[in-house]
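Before any comments, here is the structure.
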Amino acid sequence: MQRHVMSKKDAKEFLKRVKELYGVELEGNLEVGKEKKEVYYFLDGLLAFFGDPPLPTICGVLKLNLNMPYVVVDEGAVKAVTNGADLFAPGIVEFNCDCKEGEYFLVKTKTGVPVAVMRALMPAEKAKAEKRGKFGENLHHVGDELWEMCKAKLRG
């Protein structure tokens with residue numbers, strides 16, 4: 001993948017958007033890479049965000065302490081989502097989001113470890129009330145290609 005340093009203007013706009021979305025002020029060397037139809041954002045070499053709007057990678061969440069709405073899931077759901085499955089309402093044990101359809105959220109284990117980034121397919125209220133149906137579309141999870149691209153930089 002070809003990467004290039006973002007212009008000062010683009011970097012400033014990107015960091016402003018990240019602050020609005022995730023409530024964190026970031027600094028560092030920003031690079032952008034494109035592959036197929038996907039856009040990747042690197043902060044000091046770490047693959048930290050992808051897509052539009054910029055969604056954090058699991059590595060970005062862990063390294064940059066990003067705040068996002070999240071749900072906590074049971075062990076069965078952890079296994080399923082880390083294998084790429086979408087999230088179904090019965091696997092959710094706790095909602096820490098008032099997610100509306102189309103909003104993005106994290107999936108965490110009972111010990112608080114983020115394992116996936118998803119897009120809500122139904123409102124959280126409906127999932128809580130009905131306890132059935134597909135709640136989240138899996139966009140990125142531990143073990144996928146994005147995880148493989150960024151995890152080595154986590155240790156650094």
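In this text the structure is predicted, and so the values were computed from the model without any measurement.
Here the CD-CD distance, from Glu145 to Glu38, works out to 10.0 Å after rounding to the nearest 0.5 Å. Separation of atoms NZ (Lys134) and CG (Leu121) is listed at 6.5 Å; rounding is to 0.5 Å. Separation of atoms CG (Leu21) and CZ (Phe49) is listed at 8.5 Å; rounding is to 0.5 Å. A distance of 7.5 Å separates CD of Glu13 from OG of Ser7, quoted to the nearest 0.5 Å. Separating the CG atom in Leu66 from the OH atom in Tyr22 is a distance of 7.5 Å, to the nearest 0.5 Å. The distance from the CZ atom of Phe135 to the NZ atom of Lys128 is 9.0 Å, given to the nearest 0.5 Å.
Partners of Tyr104 under the side-chain contact (heavy atoms from CB on, under 4.5 Å) rule, at least two apart in sequence or in another chain, are Pro53, Leu55, Met68, Arg119, Leu139. Remark: Ala11 pairs with Met6, Leu30 by the side-chain contact (heavy atoms from CB on, under 4.5 Å) rule, at least two apart or across chains. Partners of His140 under the side-chain contact (heavy atoms from CB on, under 4.5 Å) rule, at least two apart in sequence or in another chain, are Phe50, Thr57, Ile58, Val117, Asp144, Leu146, Trp147.
The minimum heavy-atom distance linking Asn138 with Ala85 is given by the pair ND2-O, 2.9 Å. Leu15 and Leu26 make their closest contact through CD1-O, 3.6 Å (heavy atoms, listed as atom of the first residue, atom of the second, distance).
Note that Lys34 lies outside the cation-pi zone of Tyr40, set by a 6.0 Å cut-off to the ring centre and a 45° limit from the axis. Annotation: cation-pi geometry satisfied between Arg3 and Phe42 (NZ/CZ under 6.0 angstrom from ring centroid, within 45° of ring axis).
Using a 4.5 Å cut-off on side-chain heavy atoms (C-beta onward), Pro54 and Arg17 make contact.
Heavy-atom contacts from other residues, nucleotides or ligands closer than 6.0 Å to CG of Asp98 number 12 or fewer. Heavy atoms from other residues, nucleotides or ligands lying under 6.0 Å from NZ of Lys16 number 12 at most. Within 6.0 Å of CD in Glu20 there are more than 12 heavy atoms belonging to other residues, nucleotides or ligands.
Formation of a donor-acceptor pair under 3.5 Å by the His141 side chain with backbone atoms of Thr82 is found in this model. With hydrogens and angles disregarded, no donor-acceptor distance shorter than 3.5 Å links the side chain of Asn96 to the backbone of Val71. Side-chain atoms of Asp44 come within 3.5 Å of backbone N or O of Asn29 as a donor-acceptor pair.
Remark: aromatic rings of Phe95 and Phe105 are distant, center separation not under 6.0 Å.
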